[in-house]
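See structure below.
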Amino acid sequence: MSIHPSPVTSAAPAAPVPPASRVPGAGSLASRLGRLVGRDRLAAASAVVLVVIVLLAVLAPWVAPFPGDGTTATHPADRLLAPGAAHWFGTDQVGRDVLSRVLYGARTSLGIAVAVLAISAVVGVTLGVVAGFAGGWLRDVIMRVTDVFLAFPALLLSLALAAILRPSVETTIIAIAATWWPWYARLSASVAQSVRTRPYVDAARCLGVSPARIVWRHVLPNSLTPVLVQLSLDAGGVILTAASLSYLGLGATEPTSEWGLMVQSGQSLFTTHWWVSAFPGLAILVTAFCFNMLGEGLRDLLDPRAAGGRS
Amino acid sequence: MTAAAPLVSVRDLEVRYGDRVVSAVPALDVRPGQCVAVVGESGSGKSTLLLAVLGLLNGTPARVSGSVLVGGTELVGASERTAQGVRGSAVSLVLQSPQGSLNPTMRLGRLARHALRRHGVRGAEARRRVAEALDAVRLPADIVDRYPHEVSGGQAQRFAIATAVALGAPVIAADEPTSALDVTVQAEVMAVLDRLRREQGTAVLLVSHDLALVSTVADHVVVMQDGAVVDAGDVDHVLHRSTVPYTRALLAAVPRLGHGRSPSAPAGAVPRPATTEEGAG
Amino acid sequence: MLARHLVRRLAQAVVVVLGVVVVSFLVARAVPGDAAVSATGARASASELAAARERLGLDQPLPVQLFRYLGDLVRGDLGTSLHTRQPVASDLGSALPASLELVGAAMLLAVLLGIPLGILAARFRGGRAGGVDVSVRVGSVLAVSAPVFLLALVLQLVFATRLGWFPTAGEYDRALDTTSPLSVWTDITVVDALITGNGAMLASVLHHLVLPALALAAYPTGVIAQMTRAALLEEAAQDHARMERALGFGRLAVLVRFSLRAASAPVLQLVALVFAYALVNSFLVESIFNWPGLGSYTATAISSVDTPAIAGVTLTVALVYVVLNLAVDLAQTALDPRVRLT
């Protein structure tokens, strides 16, 4: 019996890769999502909050009270105003409206999360499917490389990579994606491997069905559910890691609105002007919390046994 | 049948999950030395009945009404503390999966000592009881130093029985105790239970879907379907003269019984031979 | 069986270490601009630059450079920090003990809080007291979602600056260096204070440890509580748990006495994983509390683009991680007799 390490980086003790044999088909996905609302109020509420956050991020240029403050504008005369009627979240040291910057920061954070997860999932699932389906030396090579990447705490490898590249949002995306794809590779490799050994796939192969077609028809649909669960569990972790990188000065740079960067820039003022750091910090907390809550709800619902800790 | 007072007495038991009745048993008695078999397909409510007899439905979403008397203690509506006092000492359990039902991280002897201490038996007395119980189920004394994965399926089941014996539980509730075992090993285990019934008056509440097995060991048979008792009575009556369609359908699915091999001894406290060949039936 | 298991695990660890070395090599060589320029100064002549290049091996092909780097590593040479102008190895040597002290304290807190919380949540799952389970669940997800630097700032503001219960920064009261100086044995202050019986120093270190350790403990506590709960529930769903209940044991006894041991395998592995994670997270906490550890060193290294130092940190933390994982794997073998079978 071997116990795989858990994806600590996914910010939840999600368990090791579940064997795919019990993964339900994609057809029941919609109805299961519907049931989430009835069964898990916390997850459902988190989903609602996330929808609001996404809407606010998309509509930031229209809903932000001072859209210019989200990017380059400064108002030295209005610096460090406490939260009030004109500036609900106060202003920062160059007079920018903190609320506007938090809203613009949502665009940055969610954008990073989407990009990182898209890259990780595409790269990871592709490599994982190849490894799990091809077997042999190719599988060994891919899985050993995966092991090496998994042997770094994600934040550490991101940090090292971000140190090589120049600090920017793109750097953050590359650095985090580089540490995140192995989880998807491992996940889909195990799905692919279990699908590969099923009788109907053997039969299809004997009939001369091409491997590509088998992957498309059988492996990918079976990977959908675990990958979806993993994506929602990971989003919170990606947002936290991105914020940490820019907090350390390895991610987004001024004047980009980025939550981690905003906390960092207000840190020295925290004892006297708490709002400069507190609101972007809370934004990270709330967003990460909702993603984690939703991810857990989805996991329990779609893949209940994986919640158990071991396979 | 026998004059002795029942060790387990179920009356008007009804177990519901929400609006669904999963197990309804109007009356069921288990007397010393008796083997009462509950048969039915999976989902018939037979395992739920077993849980109710162990008081293991307390604290679950199940709603239980009626009466379940075990060793004179009412379990329906009883506190967890009361139920815990009954479990192990008045009724003990043997489960289907032999190794799975023993804690994988404990040597067998430690498990037995823990269980005995739970019921106030410790030290030399505990060791004596374990030794006697192992002897009664024909297990070597040094098995106490093994882990569950180091013993065979039959040994694991006999050890579970030995634990019940050491605890002095007069009733053994057995949930498909042999269906994970080879035929010859099945026979060993059933022979052990048979001997305990004969020599110590232990009663067995057997839950099984294996009618062939039931026909050879049970005195009394209860047939359940979809949560309800559809047939009950003397083993000879139920297996050979029942007019209940469901019972006949179940029997028809067992080829050997269809050939009319009759169960050995009549019901009751009459001693019955316990040879391996017969136990295998 | 056991020997083969060990050999396989060791071989895997070696492959991982080699990968770690390659990454840290790439980081170390990624000096912005030209390493030769950084080594000689901006006003060096062309011949001086060429000499420095040759001395640093930068004129060699990359594989040769990697090989040299490996050789240097074996001799304990991690290069020279561009910021402190000291050998990176000795910088790390003086920074690591304080970090281990902080992370160790945080992990101790996390285990002491997380495992009982996980047990509680598992015990009261569903049922009438399901509120306990929900509270632990929400609490642990909150702990896992909170940016550690925000937590550190808030703790510092509330309990140090405003209430004054704890010191704002530092590892211990520097005045003690003269009044009750510490004799150094392990370089880990709290351990040294303990073994030399330096009560004043011990009290001071513990007092300073509370806030940063609490901030750092949040994430590990959350994941450990969740993992403990999940692993216990998994064990409690096994047949043996039903058997134990049938023997008269209560739910809590089944969890603690019979399931915790088997459940401790994944929890233990998680502790090792999270330890490394906390070590990296300490980078975000130490500079806030001015804790003289690896985190403060790394923060400075990052802001001064000190790539040899960053490479050294990467290598060190990754090695700690690999060694911990290996150790846990072996410990698991001892804890769960079933593991020995495979």
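All heavy atoms count here, side chains included; hydrogens, waters and symmetry mates do not. Numbers restart at 1 for each chain; the letters A, B, ... are given by sequence-line order, proteins then strands.
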Check your understanding: Given a strict heavy-atom distance threshold of 4.5 Å, which part of B/V86 is in contact with chain C: side chain, backbone, both, or neither?
Key -> neither
Review point. Are the side chain of B/H114 and the backbone N or O of C/E244 linked by a donor-acceptor pair below 3.5 Å?
Key: no
**Study point:** Closest heavy-atom pair and its distance - B/S97, C/D239
**Key:** OG-OD2, 3.0 Å
Review point. Taking the side chain from B/N103 and the backbone from C/F258, do they hold a donor-acceptor pair closer than 3.5 Å?
Key: yes
Point to revise | Side chain, backbone, both or neither of B/L167 within contact of chain C (heavy atoms, under 4.5 Å) | key: side chain
Review point. Does CZ in B/R127 sit with more than 12 non-hydrogen atoms of other residues, nucleotides or ligands closer than 6.0 Å?
Key: no
Check your understanding: Looking at OG1 of B/T105 and CD of C/E235, how far apart are the two atoms once the value is rounded to the nearest 0.5 Å?
Key -> 7.5 Å
Practice item. Look up atom CG in B/L93 and atom CG in C/L247, then write down how far apart they are to the nearest 0.5 Å. Key: 8.0 Å
Practice item. Could you tell me whether B/E80 and C/R245 make a salt bridge, using a distance below 4.0 angstrom between a side-chain N and a carboxylate O? Key: yes
Check your understanding: Can you say whether B/T163 sits under 4.5 Å from chain C via the side chain, the backbone, both, or neither, judging by heavy atoms?
Key -> side chain
Point to revise | Residue pair B/P104 / C/H240: nearest heavy atoms and the distance that separates them | key: CD-CD2, 3.5 Å
Determine all donor-acceptor pairs shorter than 3.5 Å in which one atom belongs to a side chain in residues 201-208 of chain B; sequence neighbours excluded.
unit_1 : atom_1 : unit_2 : atom_2 : d
B/S208 : OG     : B/D210 : N      : 2.8

**Study point:** B/R118 (side chain) donor-acceptor with C/G248 (main chain) under 3.5 angstrom
**Key:** yes
Review point. Which heavy-atom pair separates B/D175 from C/R242 by the least distance, and what is that distance?
Key: OD2-NH1, 4.1 Å
